[in-house]
Chemist: 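This structure is in structure tokens; I'll ask about it shortly.
Position 1 is the first residue of the sequence; numbering continues from there. None of these values were measured; they are calculated from a predicted model.
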Amino acid sequence: MSSRRFWTVLGIAISSLVLGIGSTALLGAAALSGRDGRVAAMSGSYPQAPPSCAAPALPGAVVDVTLTDMGGMMGTGGGMGPGMMGPGMGPGMMGTGADGSWVWPHLGMMGRPGMMSVVVSPATVPAGPVSLRVRNTGWLNHEVVVLPLAPGQAPGQRPIGPDGEVDESGSLGEAARTCGEGEGDGIAPGTTGWTTITLPPGRYELLCNIAGHYGAGMYTTLDVVPDH
């Protein structure tokens, strides 16, 4: 190969490499966009959120509820952010995955069971006033809705409608307000919401009913026993 041809080929290769890197960076930024338009930093840091807040002193039995998603689970070191796509998934896709699980649009792999969670402590409380102190450690807005479980009914089995939500009929209360009590538009990342309700003995499902979140695993059980 002549010297002139060698340098021409090398120049074309370098140009292609630069264009490829630029395209990859643009696609990466698009993939990191959350459903609310926020973009996570490549370092895995949290998107900008309202200032952290703490719940006031609450009456009755206090249950600490922690809400999280894959952004919160991986954001501290994996460089992964909200909206990251699983294999073969892209923005706007919906329906069921290869395993038959529900996949909600714009959540990518986060729209699958186990990608979000609700954890309570303690999981058993006496009947009477029960206060839920709900902390959102994820990257997306979340909420907690309290629904009774029928005898023999397991959590996570409620039918999911075409809007990605479950029927809230029979709800006994919810914590869905950023730095506040009761209903709202969701608890923002890094903040707390709370509610106090009176519960008779029984089993209750605590769930997030923001579209797609229940199907992604955001539910758990709270047992209420007689107060002796």
Chemist: Determine the minimum heavy-atom distance between S131 and T196, stating which atoms define it.
Modeler: OG-OG1, 2.7 Å
Chemist: Compare every heavy atom of P189 with every heavy atom of N141, then report the nearest pair and how far apart it is.
Modeler: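 For N141 versus P189, the nearest heavy atoms are OD1-CD, 3.3 Å.
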Chemist: Under a 3.5 Å distance rule, please check whether T192 uses its side chain to pair with a backbone N or O of C53 as donor and acceptor.
Modeler: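 Judged by distance alone, yes, a pair lies under 3.5 Å.
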Chemist: Looking at I187, is its backbone amide N or carbonyl O close enough to the side chain of N136 to form a donor-acceptor pair, meaning the two atoms are under 3.5 Å apart?
Modeler: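 The answer is yes, because a donor-acceptor pair under 3.5 Å joins these two groups.
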Chemist: Under a 3.5 Å distance rule, please check whether D69 uses its side chain to pair with a backbone N or O of W139 as donor and acceptor.
Modeler: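 Indeed, once roles are kept as given, a pair shorter than 3.5 Å links the two residues.
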Chemist: Could you tell me if the side chain of M70 sits less than 4.5 Å from the side chain of M116, heavy atoms only?
Modeler: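 They are not in side-chain contact.
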Chemist: Is the CD atom of E181 crowded by more than 12 outside heavy atoms at less than 6.0 Å?
Modeler: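 Atom CD in E181 is packed in, count exceeds 12.
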Chemist: Looking only at non-hydrogen atoms, find the nearest pair between S169 and D167 and report the distance.
Modeler: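 So the minimum-distance heavy-atom pair works out to OG-OD1, 2.8 Å.
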Chemist: Does the Y204 side chain pair with the main chain of L199, one donor and one acceptor, at a distance under 3.5 Å?
Modeler: no
Chemist: Taking the side chain as every heavy atom from C-beta outward, state whether T66 and V118 have any pair of such atoms under 4.5 Å apart.
Modeler: no
Chemist: Is any side-chain heavy atom of P226 less than 4.5 Å from a side-chain heavy atom of P126?
Modeler: no
Chemist: Before you tell me yes or no, could you show the steps for L147 and V145 under side chain to side chain contact (heavy atoms under 4.5 Å, CB included), namely the whole-Å CA-CA distance, both residues' side-chain angles and the distance that decides it to 0.1 Å?
Modeler: CA-CA 6 Å; L147 291 169; V145 178; 4.2 Å; yes
Chemist: Is there a side-chain contact between V125 and V63, using heavy atoms and a 4.5 Å cut-off?
Modeler: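 Yes, their side chains come closer than 4.5 Å.
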Chemist: For E205 and Y219, indicate whether the former's side chain and the latter's backbone hold a donor-acceptor pair under 3.5 Å.
Modeler: no
Chemist: Does V130 share a hydrophobic cluster with L172, counting links as ILVMFWY side-chain heavy atoms below 4.5 Å and allowing steps through other members?
Modeler: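 Yes, same cluster.
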Chemist: Answer yes or no: are there more than 12 heavy-atom neighbours, outside D185 itself, under 6.0 Å from its atom CG?
Modeler: no
Chemist: Are V65 and V119 packed together at the side-chain level, in the sense that at least one heavy-atom pair is separated by less than 4.5 angstrom?
Modeler: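 No; the side chains remain at least 4.5 Å from each other.
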Chemist: Atom CG in L222, atom OG in S121: separation rounded to 0.5 Å?
Modeler: 11.0 Å
Chemist: When you measure from the side chain of T191 to the backbone N and O of A188, does any donor-acceptor pair fall under 3.5 Å?
Modeler: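 Judged by distance alone, yes, a pair lies under 3.5 Å.
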Chemist: Side-chain contact test, heavy atoms from C-beta onward, threshold under 4.5 Å: evaluate it for L140 versus H213 and give yes or no.
Modeler: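 L140 vs H213: side chains touch.
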Chemist: First locate atom OG1 of T195, then atom CZ of R133, and finally report the distance between them rounded to the nearest 0.5 Å.
Modeler: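 T195 OG1 to R133 CZ: 14.0 Å, rounded to 0.5 Å.
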Chemist: In this structure, would I197 and L67 fall into the same cluster of hydrophobic residues linked by side-chain contacts under 4.5 Å?
Modeler: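 Yes, because I197 and L67 connect within a single hydrophobic cluster, where side-chain heavy atoms sit under 4.5 Å apart.
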Chemist: Would the distance check show the side chain of Y214 and the main-chain N or O of R158 forming a donor-acceptor pair, the cut-off being under 3.5 Å?
Modeler: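 Checked: pair present.
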Chemist: Would you check if the side chain of R135 reaches a backbone N or O of D64 as a donor-acceptor pair within less than 3.5 Å?
Modeler: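 No, the answer is negative, given that no donor and acceptor are paired below the 3.5 Å cut-off.
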Chemist: Run the side chain to side chain contact (heavy atoms under 4.5 Å, CB included) test on R203 and D223 for me, step by step, so that the C-alpha distance in whole Å, both residues' side-chain angles and the decisive distance to 0.1 Å come before the verdict.
Modeler: CA-CA 5 Å; R203 297 174 62 247; D223 291 317; 3.2 Å; yes
Chemist: Using a 3.5 Å distance criterion without hydrogens, assess whether the side chain of T68 forms a donor-acceptor pair with backbone atoms of S117.
Modeler: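 Such a contact is absent between T68 side chain and S117 backbone.
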Chemist: Side-chain contact, heavy-atom cut-off 4.5 Å: T221 with L149?
Modeler: yes
Chemist: Any sub-3.5 Å donor-acceptor pair from E143's side-chain atoms to N209's backbone N or O?
Modeler: yes
